[in-house]
Amino acid sequence: GKYDALVLAAAGLGRLGWKDRLTAAFDPQDMMYATGQGALAIEIREADSDALDLLTPLMDKNALLECVAERTFLSTLGGGCSVPIGVDCPISDNDGIRRITLTGAVFSLDGKRFVEACDTQPLAGLEVEGDLDPVLVGIHIPKPCGRDAAHQAAKCGQAVANRLLAEGAAPLLEEARAAIAASMQSAASKS
């Protein structure tokens with residue numbers, strides 16, 4: 001045939017009824033994903049408590065906490081959708097203690113160099129004093145989700161990003177940004 005292999009979304013194959021055609025699947029430990037990959041968000045007016053009350057029951061608490069950790073990670077690195085940054089951010093429940101673990105990496109554009117780090121934070125049994133900010137990295141955290149857990153998720157993302165920066169991620173990010181800027185400038189001059 002024309003192709004030796006295709007990489008497609010397993011969810012899409014499932015919706016088409018073609019799950020049986022899936023011959024291999026990537027595990028996040030084999031191939032990290034982009035921050036927020038697969039997350040669905042609904043944007044509402046900031047002061048619209050009626051809309052928030054209506055939508056809160058639809059919220060997936062784990063997905064929200066994972067997004068907070070991943071977006072904090074990306075923001076701390078100063079990254080965006082054009083830089084080679086990957087994450088894996090599962091929430092586990094071992095011995096009745098919920099934990100969030102974020103593994104993150106920054107890669108060179110050719111994939112030959114990278115730095116990787118990991119952090120785990122507990123999500124339950126936290127005692128936090130004072131009022132917590134209900135908005136983290138642009139995500140409104142409803143009280144039923146647990147703002148203390150959301151702040152722990154953000155702490156996890158920030159810790160991994162800071163560790164990567166300490167281990168040499170900044171030059172990789174700068175190289176990627178410079179290459180992307182040069183590519184965009186070249187494309188603009190051709191048009």
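These numbers come from the heavy atoms of this one structure, side chains and all, not from hydrogens, waters or symmetry mates.
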_Which atom of Ala10 lies closest to which atom of Leu22, heavy atoms considered_ = CB-CD2, 4.2 Å
*Is there a side-chain contact between Met59 and Leu55 (heavy atoms, below 4.5 Å)?*
no
*When hydrophobic residues are tied together by side-chain contacts of less than 4.5 Å, even through go-betweens, does Leu13 share a cluster with Leu6?*
yes
_Are Leu164 and Phe73 packed together at the side-chain level, in the sense that at least one heavy-atom pair is separated by less than 4.5 angstrom?_
yes
*Could you give the distance from CG (Leu123) to OG (Ser92), rounded to the nearest 0.5 Å?*
8.5 Å
*asked:* If you define the side chain from C-beta out and look only at heavy atoms, does anything of Asp119 sit under 4.5 Å from Arg163?
replied: yes
*Would a 4.5 Å heavy-atom cut-off, applied to side chains only, mark Thr35 and Arg71 as touching?*
no
*asked:* Quick one: does any side-chain atom of Thr72 pair with a main-chain N or O of Val68 as donor and acceptor, under 3.5 Å?
replied: yes
*Donor-acceptor pair, Asp110 side chain versus Lys112 backbone, under 3.5 Å?*
yes
*Taking side chain as C-beta onward, heavy atoms only, is Thr56 less than 4.5 Å from Leu52?*
yes
*Looking only at heavy atoms, what is the nearest atom pair of Asp48 and Ile44, with distance?*
O-CD1, 3.9 Å
*Would the number of heavy atoms belonging to other residues, nucleotides or ligands and lying under 6.0 Å from OH of Tyr33 be above 12?*
yes
*Step by step, work out the side-chain contact (heavy atoms from CB on, under 4.5 Å) result for Leu109 and Glu175.*
CA-CA 8 Å; Leu109 288 178; Glu175 287 174 23; over 6 Å; no
_When you compare the side chain of Pro122 with that of Arg98, does any pair of heavy atoms fall below 4.5 Å?_
no
*Same cluster (ILVMFWY, side-chain, under 4.5 Å), Leu8 and Leu16*: yes
*Gap between atom SG of Cys156 and atom CD of Glu66 - 0.5 Å precision*: 11.0 Å
*Is any side-chain heavy atom of Ile100 closer than 4.5 Å to a side-chain heavy atom of Thr120?*
no
*Has the side chain of Glu70 got a donor or acceptor atom that lies under 3.5 Å from a matching backbone atom of Gly36?*
yes
_Side-chain heavy atoms nearer than 4.5 Å, only ILVMFWY residues, links allowed to pass through others: does that put Val115 and Leu74 together?_
yes
_Atom of Ala39, atom of Cys67 and distance for their closest heavy-atom approach_ = CB-SG, 3.4 Å
*In terms of hydrophobic clusters joined by side-chain contacts under 4.5 Å, are Val83 and Leu165 together?*
yes
*About how many Å separate CG of Leu172 and CZ of Arg113, when rounded to the nearest 0.5 Å?*
5.0 Å
_Atom pair CD (Gln158) and CG (Leu77), whose distance is rounded to the nearest 0.5 Å_ = 10.5 Å
_Pairwise side-chain contact, Leu102 with Cys118, heavy-atom cut-off 4.5 Å (strictly under)_ = no
*Knowing that exactly one of Val87, Ile85, Thr103 qualifies, which makes a side chain to side chain contact (heavy atoms under 4.5 Å, CB included) with Met32?*
Thr103
*Nearest 0.5 Å, what's the CG-CG distance between Leu58 and Asp60?*
10.5 Å
